Amino acid sequence: MRIYRGTIVHTKSFDEFESFENGFLAVAEDGKIIGVGNDYDSWLSSNKFSPAELTEVRLSENQFLMPGFVDCHIHAPQYAQYGLGLDMPLLDWLNTYTFPLEAKFSDQSYALKVYKSVVEATIRCGTTLASYFATNNLESTLILAREAVRQGQRALIGKVCSNCNSPDYYVETTEESAKATETFVSELQGLKSPLVLPTITPRFALSCSKELLKELGDIAKRLDVHVQSHISENLAEVEVVKGIFKTSYAGAYDEAGLLTKKTVMAHGVHLEDEEIALLKQRATSIAHCPASNTMLNSGLCDVQRLISAGVTVGLGTDVSGGNSVSIQDALLRALDVSKHLEFFKKQNIRGTGEAKNPDPKYVQLKYKQAFYLATLGGAKALSLDHLTGNFMLGKEFDALLVDVSVVEEPVRPLNVNELVEKFIYTGNDRNIVEVFVAGKRVKKPESN
């Protein structure tokens, strides 16, 4: 059993940040949290452990433990092109860069090279749970699943489905897509890893016929598995979806049975009020992807609007529409977007006299709320908060050991809030020195 003693931080809700400045956290041999709080001596006396059973880890004054980051939306194959083509709008970018790249993943050796790298990179940045899109190719998607298992990362993984409005060289039939999806779910369950689960993955409504969406909804219901896709990312995309499906974007998915309590939809930038109400009713979540929303000129997502309406929200890097695999970066971007929205809603724009869509009651995100989105909020969005996301008793120890002195020694002692602020706002993942998933260390301290 390991006992960590020092500064421990986590969240219990969007507005409830909890810290133990001289605290402890106890992890059992099975990787579950069995003790947390301030009074270590009292806890120890009430649990009759012998000294031989305990391994104590003392944190320095510049270190703290926090829950692992959760990436609710990342395209694993696109790691091979992240940082490229980001001066294009969404649909042009897909056709010019993304579809040609993803078609290469029929080459299993190429797939292994990229997937090994992306899992390594996300773990290095502190991502203990990721919801990955793979490609249309079944065999290479299984390579991604096996790589996540090998490296010890918790993950949802989806074989991408698309049977229309895609290039001839990268498209499936309805039957092929549905059959491969069922095979993927079966094969992944055969890995018998509690860390890696399947998720049904229609690329987005535009790339799937009504028939395919319905078949995927039926599979999700029958097998009780997760669902992920995109919604209302780009205004042009939204209008095309409405034209094809003769309903709202959310309505297109709902008619197929794809809006469930295990569904996460990326973006949600341009959702209408009725769609937000529908998402809440179905307990469907949104992955806020601030980097890609900006990079691909999609818009500014009003996270406060979604949360106030009762929709669960987590964060996504959306590589490679986003230009970083780090959720720490996404956290900062989320704060930036919220500040920018406040400018638009409250302040004059370039001296024009009136704010656009004035909202004097708008309140920007605070860093502790963004911290929640990056941890427990993400776990809730992926319907895995019964296992991970914070340090409640009985949950699995998915955690980061952060040391804010790695890059630069603080010039004065920092209190618990300042430690977290410094980590968040300096935005350097080198300060993440160890990463744990289900109690096992998956990233070790780097040697000097």
Side-chain angles (χ1 to χ4, degrees), residues 12-16 70 72-73 131 156 158 161 197 199-206 208 210-235 237-239 241-289 293 298-316 334 359 361-362 365 369 372-373 376-386 389:
K12 299 170 79 173
S13 69
F14 181 63
D15 288 312
E16 192 173 3
V70 179
C72 293
H73 184 70
S131 188
L156 295 173
C161 299
L197 301 172
T199 180
I200 305 301
T201 308
R203 181 175 210 105
F204 63 154
L206 282 184
C208 299
K210 291 182 181 180
E211 179 186 9
L212 178 55
L213 289 178
K214 182 65 168 62
E215 290 209 31
L216 295 176
D218 290 345
I219 293 170
K221 182 177 181 180
R222 176 162 42 86
L223 301 180
D224 188 27
V225 291
H226 292 77
V227 178
Q228 63 178 351
S229 194
H230 302 81
I231 193 168
S232 298
E233 179 177 1
N234 174 281
L235 284 172
E237 165 209 16
V238 170
E239 291 308 310
V241 169
K242 286 181 177 179
I244 293 174
F245 289 89
K246 310 304 179 187
T247 185
S248 68
Y249 213 138
Y253 289 126
D254 193 50
E255 289 176 1
L258 287 165
L259 297 185
T260 76
K261 65 181 180 180
K262 287 188 173 183
T263 298
V264 61
M265 290 284 172
H267 305 292
V269 180
H270 305 289
L271 290 168
E272 298 170 2
D273 290 344
E274 293 79 8
E275 292 180 288
I276 293 174
L278 178 59
L279 295 182
K280 179 188 177 184
Q281 183 181 357
R282 299 288 186 259
T284 292
S285 303
I286 290 291
H288 176 39
C289 305
N293 291 343
S298 297
L300 302 177
C301 180
D302 188 347
V303 169
Q304 295 283 40
R305 175 180 174 232
L306 297 173
I307 293 172
S308 296
V311 175
T312 298
V313 178
L315 296 181
D359 181 3
K361 295 181 180 180
Y362 181 83
L365 281 174
Q369 294 171 330
Y372 163 85
L373 297 180
L376 181 58
K380 284 180 175 289
L382 298 182
S383 300
L384 291 172
D385 55 302
H386 60 294

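Computed from a predicted model, the values in this text were never measured in an experiment.
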Quick one, Leu213 with Phe245, criterion side chain to side chain contact (heavy atoms under 4.5 Å, CB included). Give me CA distance, side-chain angles, the key distance, then yes/no.
CA-CA 11 Å; Leu213 289 178; Phe245 289 89; 3.8 Å; yes
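- Asp302 has its side chain within reach of Tyr362: a pair of non-hydrogen atoms, C-beta onward, lies under 4.5 Å apart.
- Atom CG of residue Leu156 and atom CG of residue Leu382 lie 5.5 Å apart, to the nearest 0.5 angstrom.
- Judged by distance alone, with hydrogens and angles left aside, the side-chain atoms of His288 form no donor-acceptor pair with the main-chain N or O of Val313 at under 3.5 Å.
- In terms of heavy atoms, Thr284 sits closest to Met265 at CG2-CG, 4.2 Å.
- The minimum heavy-atom distance between Ala379 and Gly389, with the atom names listed, is CB-CA, 3.8 Å.
- In terms of heavy atoms, Ala250 sits closest to Leu259 at O-CD1, 3.5 Å.
- Side-chain contact between Val264 and Thr199 is absent, with no heavy-atom pair separated by less than 4.5 Å.
- Closest approach of Cys301 to Gly268, counting heavy atoms only: SG-O, 3.9 Å.
- Thr260 meets the side chain to side chain donor-acceptor pair (under 3.5 Å) test with Thr263; sequence neighbours excluded.
- Between the side chain of His270 and the main chain of Asn234, no donor-acceptor pair closer than 3.5 Å is present.
- At least one side-chain heavy atom of Ser383 sits under 4.5 Å from a side-chain heavy atom of His226.
- Within the 4.5 Å cutoff, the side chain of Leu306 has no heavy atoms near those of the Leu279 side chain.
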- Apply side chain to side chain contact (heavy atoms under 4.5 Å, CB included) to the pair Val70 and Leu384, showing each step before the final yes or no. CA-CA 10 Å; Val70 179; Leu384 291 172; over 6 Å; no
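- Here CG of Leu315 is found 5.0 Å from CG of Leu373. Values are rounded to the nearest 0.5 Å.
- Glu275 places a side-chain N or O within 3.5 Å of a backbone atom of Tyr249 that can act as its donor or acceptor partner.
- In this structure, Val238 and Ser232 approach most closely via the heavy-atom pair CG2-CA, 3.6 Å.
- The distance from atom OG1 of Thr247 to atom NZ of Lys210, rounded to the nearest 0.5 Å, is 9.0 Å.
- Rounded to the nearest 0.5 angstrom, Ser229 OG and His267 NE2 are separated by 9.5 Å.
- With a 4.5 Å cut-off on side-chain heavy atoms, Cys161 and Ile200 do not count as touching.
- Between the side chain of Lys262 and the backbone N or O of Asp224, at least one donor-acceptor pair lies under 3.5 Å.
- Side-chain atoms of Gln304 and Gln369, non-hydrogen and from C-beta on, do get closer than 4.5 Å to each other.
- Under the rule for a side chain to side chain donor-acceptor pair (under 3.5 Å), the partners of Thr201 that lie at least two apart in sequence or sit in another chain are Gln228.
- Proximity of Leu206 to Val241: side-chain heavy atoms (C-beta onward) are separated by under 4.5 Å at one or more points.
- Across every non-hydrogen atom of Pro202 and Leu216, the tightest pair is CB-CD1, 3.7 Å.
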(message) side chain to side chain contact (heavy atoms under 4.5 Å, CB included) for Leu376 and Lys380? Distances and angles first, verdict last.
(response) CA-CA 6 Å; Leu376 181 58; Lys380 284 180 175 289; 4.1 Å; yes
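- Side-chain contact between Thr312 and Phe14 is absent, with no heavy atoms from C-beta onward closer than 4.5 Å.
- A perpendicular orientation is assigned to the rings of His230 and Phe204, their planes being inclined by more than 60° (bins at 30° and 60°).
- Judged as a salt bridge (Lys or Arg N to Asp or Glu O under 4.0 Å), and not counting sequence neighbours, Asp15 has no contacts.
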